[in-house]
There are 2 protein chains.
Amino acid sequence: MVVGRSDEADDDRRFRAVADATRRDILRRTMTREYSVSELARNYPMSFAAVQKHVAKLERAGLVTKRREGREQLVRADVHAVRRMRYLLDQLEAMWVDRIDRMGEILAQEKGDES
Amino acid sequence: MVVGRSDEADDDRRFRAVADATRRDILRRTMTREYSVSELARNYPMSFAAVQKHVAKLERAGLVTKRREGREQLVRADVHAVRRMRYLLDQLEAMWVDRIDRMGEILAQEKGDES
DNA sequence: GCGACCTACAACCATTTGGTTGTACGTTAC
DNA sequence: GTAACGTACAACCAAATGGTTGTAGGTCGC
């Protein structure tokens with residue numbers, strides 16, 4: 001997969017969206033079941049509008065979606081966006097493992113040469 | 001593991017540190033080998049001081065470490081901090097999977113009742 | 001020893017962020 | 001029908017962020 005600029009911007013948004021304890025908690029809760037925004041808001045020591053802003057930021061990052069049911073907006077997490085972030089971190093770790101592997105080969109080679 | 005406030009702050013720092021394309025690229029590069037700060041800086045269309053700030057932010061998040069070699073500071077990535085982020089995302093995904101599993105059980109139960 | 005290279009950081013600035021209060025509108029329950 | 005509930009968003013403000021320029025000091029190579 002070739003990473004383009006729009007992919008980088010999406011990654012920016014996703015990681016930034018989870019770089020806040022309140023938003024991570026919103027994500028945890030909405031991963032288990034749907035919550036309305038005001039139901040979510042009751043869990044945090046801030047105004048309703050502030051929680052609305054957090055939800056909006058998660059939505060712009062593609063981490064949650066909303067659907068209206070009567071007067072309520074129900075928020076649910078989207079595991080795909082979480083997987084995309086995990087994938088990127090997996091790639092980073094793979095680069096690390098690859099480096100360690102290459103060092104191991106060098107060491108093995110040096111040991112062979114010493115015999 | 002119980003997540004405490006200082007853990008949350010660490011998570012804030014780590015996710016915020018990777019919420020920027022330049023810093024993700026620095027992380028990719030230093031995952032494969034050590035780079036000096038000025039060597040890194042040659043890759044980005046910004047001042048040396050700006051790259052320095054990016055490296056400092058990664059360092060504060062525990063994602064890279066620096067060691068001095070003569071006049072150069074050599075930067076290397078720390079895979080443990082990447083793993084901590086991945087772990088957190090794994091937990092989120094596990095919550096999703098658990099929810100899907102519970103829905104599957106409910107559906108199976110409903111089908112059993114219909115027979 | 002001195003020019004080139006490398007790094008650190010202060011001060012500044014424009015933009016973004018994260019919170020508040022206030023206003024407005026739609027839905028629901030009685 | 002109206003009070004209660006739920007939501008959206010504008011305007012505001014303080015703090016944080018991400019970049020710049022400039023100054024200063026250490027190391028290295030010739």
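In the text below, chain A, chain B and the rest are named by the order of the sequence lines, each starting its count at 1. Model, not experiment: these values are computed from the prediction.
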CE (B/Met85) and CD (A/Glu93) are apart, to the nearest 0.5 Å, by 10.5 Å
Nearest-angstrom distance from the residue atom CZ of A/Phe15 to C1' of C/dT16:
20 Å
Heavy atoms, side chains only, cut-off 4.5 Å: are A/Asp20 and A/Lys57 in contact?
no
Value in whole Å for how far the P atom of D/dG18 lies from CZ of B/Arg16
8 Å
Residue from B/Arg67, B/Gln73, B/Arg71 passing side-chain hydrogen bond (donor to acceptor under 3.5 Å, both in side chains) with B/Glu69
B/Arg67
In whole angstroms, how far is the C1' atom of D/dT20 from the CZ atom of B/Phe48?
14 Å
Starting at the 5' end of DNA chain C, which residue's closest nucleotide do you reach first, A/Ala50 or B/Glu39?
B/Glu39
According to the Watson-Crick and G-U wobble definition with distances under 3.5 Å, which dot-bracket string, read 5' to 3', encodes DNA chain C, using [ ] for crossing pairs and | for pairs with another strand?
||||||||||||||||||||||||||||||
Using whole Å, report how far CG of B/Asp12 lies from P of D/dA15.
19 Å
Check whether B/Tyr87 forms a cation-pi arrangement with B/Arg83 (NZ or CZ under 6.0 Å from the six-membered ring centre, at most 45° off the ring normal).
no
Just so I know, are the side chains of A/Arg14 and A/Asp11 near enough to count as touching, which here means a heavy-atom distance under 4.5 Å?
yes
Please work out if B/Glu72 contacts a base, only the sugar-phosphate, or nothing of the nucleic acid, heavy-atom cut-off 4.0 Å.
sugar-phosphate
Under the 3.5 angstrom rule, does the side chain of B/Arg24 hit a backbone N or O of B/Val18 as a donor-acceptor pair?
yes
Would you indicate what A/Ala49 reaches in the nucleic acid, counting non-hydrogen atoms under 4.0 angstrom: base, sugar-phosphate, or nothing?
base
Hey, is the main chain of B/Leu40 close enough, under 3.5 Å, to the side chain of B/Asn43 for a donor-acceptor pair?
yes
Between B/Lys53 and C/dA10, does any side-chain N or O lie under 4.0 Å from OP1 or OP2?
no
Distance criterion of 3.5 Å, no angle test: do you see the side chain of B/Lys57 paired donor-to-acceptor with the base of D/dG18?
no
Between D/dT17 atom P and B/Asp20 atom CG, what is the distance in whole Å?
12 Å
Tell me: OH of B/Tyr44 to P of D/dG18, nearest whole Å?
15 Å
Between B/Arg42 and C/dC6, does any side-chain N or O lie under 4.0 Å from OP1 or OP2?
yes
Does the side chain of A/Gln73 get closer than 4.0 angstrom to OP1 or OP2 of D/dT7 through an N or O atom?
no
For A/Gln52 and C/dA24, what is the distance between atoms CD and C1' respectively, to the nearest whole Å?
13 Å
Can you tell me how far P of C/dG3 sits from CZ of B/Arg71, to the nearest Å?
15 Å
Among D/dA4, C/dT17, D/dT7, which nucleotide has an atom closest to any side-chain atom of A/Arg68?
D/dT7
Select base, sugar-phosphate, or nothing to describe what B/Ser36 touches, counting heavy atoms under 4.0 Å on all strands.
sugar-phosphate
Identify whether any heavy atom of A/Ser38 sits under 4.0 Å from a base atom; if not, whether one sits that close to sugar-phosphate; answer base, sugar-phosphate or nothing.
sugar-phosphate
